[in-house]
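Please read through the structure below; I'll follow up with questions.
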Amino acid sequence: MAKIVTIKRTFWDQLYLPGVVRGLGITLRHFFVNTFGSKEIETLRYGEWDRPDPPPSSDPDAWRGKQKQRLRPERFRGRHRLMKRDDGSVRCTACMMCATICPANCIHIEAGERESPTSRSVEKFPLRFEIDELVCVVCGLCVEACPCDALRMDTQEHLPPVEHRRDAVLDREQLLSRAGVSIARDGGDGEDWRERYDATIGEARQIYRPDKQGHDDATIGYRRKPSS
Amino acid sequence: MTANKPQTAAATTARGTGEVVEFQLDGRTVRALKGQNLVDALLEAGEPISAFCYHPGLSVAAQCRQCLVGIGDGYRLVPACQCTVQHGLSVRSQTDQVRDARRAMLELTLLNHPVDCVICDKAGECALQRHYMDWDARPAAINHEKVHKPKRVDLGPNVVLDAERCILCSRCVRFCTEVAQQQQLTMAQRGDHTVLTTAPGQQLDNPYALNTVDICPVGALTDKDFRFRSRVWELWSTLSVCNGCAAGCATEIHHKGHEIYRLVPPKRWDMNLSWMCDEGRRSYKAVGTERLTEAVVDGHPATPEQGCARAATALALLARRDPTSLAVVLGADATNEDNFMAAQLARHWVGARVFVADRADDGRGDTILRRDDPNPNRAGAQALTADQDATTTSREALLAALGAGAIKGLYVVGNASELAAPIAAALAATEFVLVQATHASALTRAAQVVLPAAAWPEVDGTITNERREVGRLRAAFEPPGQARAHWAWIAEIGAALGQPRQCASAKDVFEQLRDQVPLFRRASWGEERPTVRLRWACRRG
Amino acid sequence: MRDAKFARPLPPDADAPLPGRPALLGHGQQRNDGQELPTEEMVLNMGPSHPAMHGTVHLRLVLDGEKITSAGVSVGYLHRGFEKECEAHTWAENFPYTDRLNYVSPMLNNVGYALAVEKLLGVSAPARAQWIRMIVGELARLSDHLTYLGAQVMELGAFTPYFYVIKAREWVWDLLELVSGARLTHAYVRIGGVAADLPPDFAARTRETLERLSAVVEEFDRLITRNRIFMDRMQGVAVISADDAISHGWTGPCLRGSGVEYDVRKAHPYLFYDRVAFEIPIGANGDNMDRYLIRIEETRQSCAIIRQCLQQIEPGAIQLTDPRISLPTKAQAYNTIEGLINHFKLVVDGIEVPAGEVYSYTEAGNGELGFYLVADGSGRPVKCRCRPPCFMQMTALGHLLRGLNIADIIPTFDTLNMIGGECDR
Amino acid sequence: MLAILGWSLLKIVVMLGFAVGLSAVLTWMERRQSAMMQDRIGPVRANIGKLRLKGLLHPLADALKLLFKEDFIPPRARKGIFVLAPLLALIPVLLVFAVIPFGPPLCLDAWRTVGPDLAACRPEPLQIAHIDIGLLFIFAVASLGAYGAVLAGWSSFNNFGLLGGLRAAAQMLSYEITMGLAVVGALLVYGTLEPMELVQAQATLWDWGIVRQPLGFVLFLCAAIAETKRAPFDIPEGESEIVGYFVEYSGTRFMMFYLAEFLEIVFVGCLVATIFLGGWQAPGLADDGLRLFGHYLPLSHGVVVLARVLTFFLKVFLLCFLQLAIRWTLPRMRFDQLMRLGWKTLLPASLFNVVVTAGVLLAAQAAR
């Protein structure tokens with residue numbers, strides 16, 4: 001069903017003035033409303049406001065309010081951070097998944113071996129872990145690719161402007177400075193992980209691939225012939 | 001060609017007898033060698049089939065049951081690795097029953113496998129990973145506490161065991177027994193508590209121990225040297241030839257940037273099966289460190305042009321005075337192209353005498369792969385001096401001539417490793433010494449001109465092994481600094497001597513060599529095998 | 001006059017004088033027919049860095065006073081090797097690259113690419129994922145058209161309406177940020193679904209935003225459309241006939257401006273476009289004004305489509321669960337070896353797409369966005385060719401501009417809506 | 001003599017101070033007003049310590065910046081003309097303020113008196129120069145401004161600049177005529193070319209030019225905006241197509257063009273206020289006090305004069321506001337459309353206005 005949108009000029013259009021007056025009416029209305037009345041200005045003063053605490057997600061005014069601070073949504077991809085284990089050590093095992101999937105090649109990891117692992121399956125850890133936030137394209141694939149919940153982008157922060165490019169290369173300590181303890185336990189420990197997950201998933205602020213996503217076996221459609 | 005091939009019973013089974021027979025595979029007719037192992041025959045026929053415990057170079061254990069196929073008309077499932085090809089055999093591979101059985105076997109294998117991919121060096125080339133994607137690809141169905149076994153067990157000087165990851169395929173046990181001929185590994189305990197361990201009072205310490213890491217289908221056995229240094233999919237692979245000894249084993253250089261991470265044997269059944277000795281695997285270490293990277297003239301750093309000009313002037317001067325007082329020393333560690341160019345220079349451009357610098361046999365050879373002769377290209381260098389009496393080109397002859405003061409100018413191609421010190425000691429009468437080497441030695445310190453040379457992973461070229469087979473070296477990456485291949489330096493000096501340039505690449509040199517030296521007439525340059533990223537090397541594992 | 005002449009098939013050598021029009025002078029040629037003072041044509045290079053040249057594009061104009069006697073268009077200044085880049089990455093890793101094709105509506109590129117790969121795989125995403133893709137896709141179309149509208153009037157000198165629609169576009173981006181976590185480069189769609197479900201209060205916010213947004217568009221329409229200055233600038237300028245438009249490969253709003261009723265969403269429905277009611281706006285004249293009006297109307301249609309989608313969407317899976325296509329859930333990857341292996345293989349090796357080739361096309365902001373993919377069974381494309389809609393439209397720009405005024409470059413260029421990231425790839 | 005010099009200096013200071021001061025404020029207004037129209041904040045960053053004044057310091061910052069910027073002259077430019085052009089743009093527009101009356105005649109001796117006899121005390125007209133042909137002077141001098149744009153565009157050795165200069169020449173020549181003819185109607189009505197007398201003739205609201213000459217007012221405003229090269233007639237600049245005749249200018253020289261543009265806005269405001277909006281006349285404000293709806297509030301002469309000066313300034317300010325609002329609302333015309341509008345619409349309309357006005361005046365004379 002097509003709808004022809006072409007318009008024809010009327011005599012009033014030809015007079016210039018009605019259009020001009022109508023336009024002036026609209027722009028001047030905005031002027032007076034913004035100058036003297038309730039403001040419709042939504043400009044955010046970048047750099048002049050601090051990051052507030054994340055709002056309760058159900059409060060729409062907090063999300064896009066008329067206040068000076070812009071509140072970022074929960075899924076906002078901000079600067080990276082590394083997570084910690086219960087014992088305070090870095091969660092990352094230098095598996096290089098993030099570095100592998102990174103389209104910008106901004107992650108550099110050097111693996112090391114722990115002499116005496118404090119818990120099971122953490123004999124490998126990152127000696128160096130650097131992310132160049134200026135090279136980063138903030139696509140979030142690294143978070144999605146991390147199989148240990150070690151890397152996250154949920155800091156709700158932009159990287160602040162830096163004086164030198166080298167300041168934007170975050171090393172392991174800087175990434176760990178905002179670390180939290182993940183509720184995810186890797187290593188296949190215990191039979192009850194499914195139940196524990198259901199109980200605690202509310203707190204897990206996993207942005208991608210929320211663990212409660214629906215399973216629908218009927219959608220398994222494609223079977224590739226295995227090859228050697 | 002078959003002189004040094006490891007002879008095991010399994011090796012012959014893998015290849016069959018040579019008589020071609022036909023058998024039925026899921027209704028179609030497939031041709032294979034009679035007596036060939038069915039797994040190999042199926043793989044050659046393009047049939048996807050997977051196995052953990054079967055290895056063409058080892059005896060059959062039929063432990064993993066992953067290669068189940070239906071034999072005959074009924075539904076009897078047998079491991080393909082236990083069957084050999086016979087005429088009229090009927091095999092079913094793509095029925096639901098077979099697939100379900102394989103999937104069930106895989107599930108069983110995965111049952112106690114730890115969630116370790118993140119720290120496992122094998123991830124990315126792991127057979128378990130690949131077969132899971134091929135055959136199972138379903139989420140875990142079972143909740144249970146996995147059996148815990150020792151992790152990070154030191155098995156010997158080179159190998160670390162993670163017993164949890166082990167799927168008990170026994171490839172390593174069989175390898176030690178059958179190939180390395182050392183009974184160092186064994187299985188202990190029973191049921192799902194079975195662990196791989198060293199035999200009482202033993203260590204996994206034999207010259208071929210690292211092959212167990214290669215053939216381990218999972219990451220249970222890891223190489224201490226490679227451990228945690230890199231993920232395999234980040235590496236690039238270049239096919240080349242091991243320069244450790246005169247055996248000339250085919251090898252893959254795994255590298256990233258300008259650094260080599262490991263040498264592994266490719267699956268070349270006609271060369272060294274898929275084995276390599278530990279010593280050969282470690283031979284890359286000498287390449288990377290403390291290289292010569294810039295030309296040195298009279299003890300001062302110089303540009304390549306200055307080095308070549310100085311060399312050409314001195315060589316021309318000496319050649320005018322008395323060509324026989326000039327000696328060119330071919331390297332038993334340089335490529336055929338390098339030596340050919342050096343011989344060219346000696347014979348046609350300046351008229352010098354030719355010697356071959358090689359290392360003495362070390363007596364460490366065995367019946368498996370390792371040779372007594374530690375020179376990768378002695379046969380090639382000698383082939384270039386075949387028109388002379390071998391005693392006139394030997395290192396004894398060289399040292400004698402030096403000692404007699406008959407040599408005023410010396411041109412050494414290659415490191416001349418163990419000859420460096422004696423030559424340097426006998427240099428009293430020489431006026432001019434030119435050395436092309438990768439590493440500093442007593443000889444380079446005594447030389448007037450030192451030109452930095454590219455090491456073997458950095459050059460294209462050929463070398464000739466003990467059996468006079470010409471193997472192909474491929475450059476994995478650029479040489480450091482000013483270093484370049486020997487032949488390129490020689491060509492440069494030749495140009496400075498006024499000789500026309502005839503070679504732009506190693507292949508050009510090789511073609512001249514093939515045309516001019518009878519022994520190389522049937523050699524071939526080999527196919528182009530570009531450096532590939534292991535991530536894209538298509539389904540390793 | 002000129003328009004009527006252009007509305008015929010282009011001669012094979014388009015630079016030759018058209019019949020009925022005096023031969024155009026080459027640069028440096030002098031005209032002196034005894035009646036006028038001798039004049040000389042002037043060559044003017046517009047761009048690649050010029051305020052009105054979106055992204056970077058270069059026009060080489062030969063001018064006879066204010067008239068353009070010939071215009072040469074050079075594109076490619078923003079070439080980044082998108083297609084080659086895709087061949088070096090796995091199928092799933094390419095979404096951030098598609099984000100940067102048409103960077104005003106990245107979601108539509110995301111959706112188009114995902115649909116192409118799914119076509120090659122022979123699968124389709126779960127219903128909810130398809131609804132979500134429609135919603136975010138139409139939001140992206142809104143963002144695209146609002147940007148166009150703003151740029152169109154701004155470059156004609158009317159700054160104020162620009163800020164109104166740009167503000168509305170920010171609201172759209174707020175919504176998309178809510179869904180994907182990023183305002184512009186979303187990388188949100190996945191092969192076999194989408195990366196995350198809609199947030200809980202998304203529907204309410206979207207409805208509220210659409211209401212405000214519609215008000216802004218209507219105000220914009222009142223403010224500028226019937227202004228005679230604007231109409232003078234747009235009507236009857238750069239007319240292209242339907243035949244010419246088709247022979248240039250035009251699609252999308254620009255083609256519809258010439259009266260051709262072709263919209264991929266109607267002609268070859270994908271996702272659930274056959275389950276929503278909307279109209280295809282078409283023009284009658286094929287001039288700049290029609291192309292502009294169509295975009296205004298399409299924003300209204302998009303709003304309607306989104307409202308219908310929000311009504312019809314139902315809870316369900318947002319991603320296929322086939323482990324060969326989708327990453328396992330994080331819990332599976334943390335706790336089971338099967339999940340972890342699956343995760344590793346998909347990240348390192350990629351989705352192994354069966355060998356074959358496919359051309360898949362969707363309606364993007366500027367027209368038909370096509371992806372021609374070739375797979376060899378490995379985890380990355382052998383070929384990933386993108387058919388960028390505005391590239392085809394740019395091919396006609398030189399012809400459209402011949403005989404127009406310098407000032408007509410701006411509205412004409414704007415209605416073609418060239419986006420450097422997409423055109424140059 | 002000294003008194004005359006003193007008076008002149010004082011008037012120059014007041015008038016030019018107002019004009020230049022207002023144009024400086026206008027640069028701020030242009031941004032803040034447009035920001036308010038566009039739902040933005042606008043520039044508010046310039047500050048001295050904590051003093052920000054909502055961005056009012058920006059003109060100062062701009063001036064400082066422009067003064068210290070590199071003074072760049074393109075290598076192949078005609079240097080002499082290139083340097084001269086900004087002066088040619090700026091000086092005429094400063095000159096025309098000489099004849100604008102910004103207040104009624106002031107009798108300083110009688111400033112306390114209510115309704116003094118002005119003829120007796122030799123009042124000083126609040127106008128820098130009292131010229132009988134004041135309006136002609138204005139048109140004559142103002143049209144010189146075109147040379148600034150033309151020469152700037154031509155001497156820059158830049159194609160864009162050249163196009164801008166050509167457009168400026170054509171546009172300013174074309175609209176000069178309409179502008180002149182649009183005033184003719186008013187001149188016929190008031191019968192004088194002297195601005196002060198023109199204003200004095202508009203004593204009541206009924207006498208204002210906008211009432212007597214509504215068409216003339218619209219035509220004049222239109223043509224005057226075109227003369228000042230402001231949107232929708234900013235074709236010589238056309239920043240999205242050819243950037244403008246001053247494309248090669250920077251630093252102080254650019255500031256001159258910039259200042260000239262805003263002075264022209266003030267000038268147009270002054271002219272329109274003088275000719276059509278009763279100049280310093282305020283409705284109900286008579287010489288002796290405020291008379292509104294039958295009420296009478298006696299005011300002394302000084303107060304009345306001050307109020308009238310302020311009235312004039314207020315009118316000018318509002319007209320400037322209107323010009324800015326128009327600039328931020330309308331799109332730009334195309335060159336040929338501009339010409340068509342000028343020659344085919346505005347010129348006939350202004351001729352028509354003259355003829356009708358003359359006819360009505362003749363009829364009125366005949367009837368009297």
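Protein chains get the first letters and strands the later ones, always in sequence-line order, with residue 1 at the start of each.
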Q) What's the shortest heavy-atom distance between D:Met37 and A:His30, and which atoms? A) O-CB, 3.3 Å
Q.
Would you say that more than 12 heavy atoms from the other residues, nucleotides or ligands in this model lie under 6.0 Å from the CZ of A:Phe32, or not?
A. yes
Q) What pairs meet the salt bridge (Lys or Arg N to Asp or Glu O under 4.0 Å) rule with one or both residues in residues 93-105 of chain A, with sequence neighbours excluded? A) none
Q. For A:Glu163, does the CD atom sit with more than 12 other heavy atoms under 6.0 Å from it, leaving out its own atoms?
A. no
Q) Of all of D:Gln33, D:Gln38, D:Arg32, which one pairs up most often with chain A through heavy atoms under 4.5 Å apart? A) D:Gln33
Q: Tell me, please, which residues at least two apart from D:Leu205 pass side-chain contact (heavy atoms from CB on, under 4.5 Å).
A: D:Trp208, D:Pro283
Q: State, with a plain yes or no, whether a side-chain heavy atom of D:Ile326 is found less than 4.5 Å away from one of A:Leu24.
A: yes
Q) Which atom names give the shortest non-hydrogen contact between D:Trp328 and A:Thr27, and what distance separates them? A) O-CG2, 4.4 Å
Q.
Show, in sequence, the C-alpha distance, side-chain angles and deciding distance for D:Leu341 and A:Tyr16, and conclude whether the side-chain contact (heavy atoms from CB on, under 4.5 Å) test is met.
A. CA-CA 10 Å; D:Leu341 177 73; A:Tyr16 286 103; 3.5 Å; yes
Q. At their closest point, which heavy atom of A:Leu28 faces which heavy atom of D:Ala325, and how far apart are they?
A. CD2-CB, 3.9 Å
(Q) Taking CZ in A:Arg29 as the centre, count heavy atoms belonging to other residues, nucleotides or ligands within less than 6.0 Å. Is the count above 12? (A) yes
Q: Heavy-atom pairs under 4.5 Å with chain D are the metric here; pick the option from A:Ile26, A:Val20, A:Leu17 that has the most.
A: A:Val20
Q. Out of curiosity, D:Leu324 CG to A:Phe31 CZ, how far, rounded to the nearest 0.5 Å?
A. 9.5 Å
Q: Mark yes when over 12 heavy atoms from residues, nucleotides or ligands other than D:Phe317 sit less than 6.0 Å from its CZ; otherwise mark no.
A: no
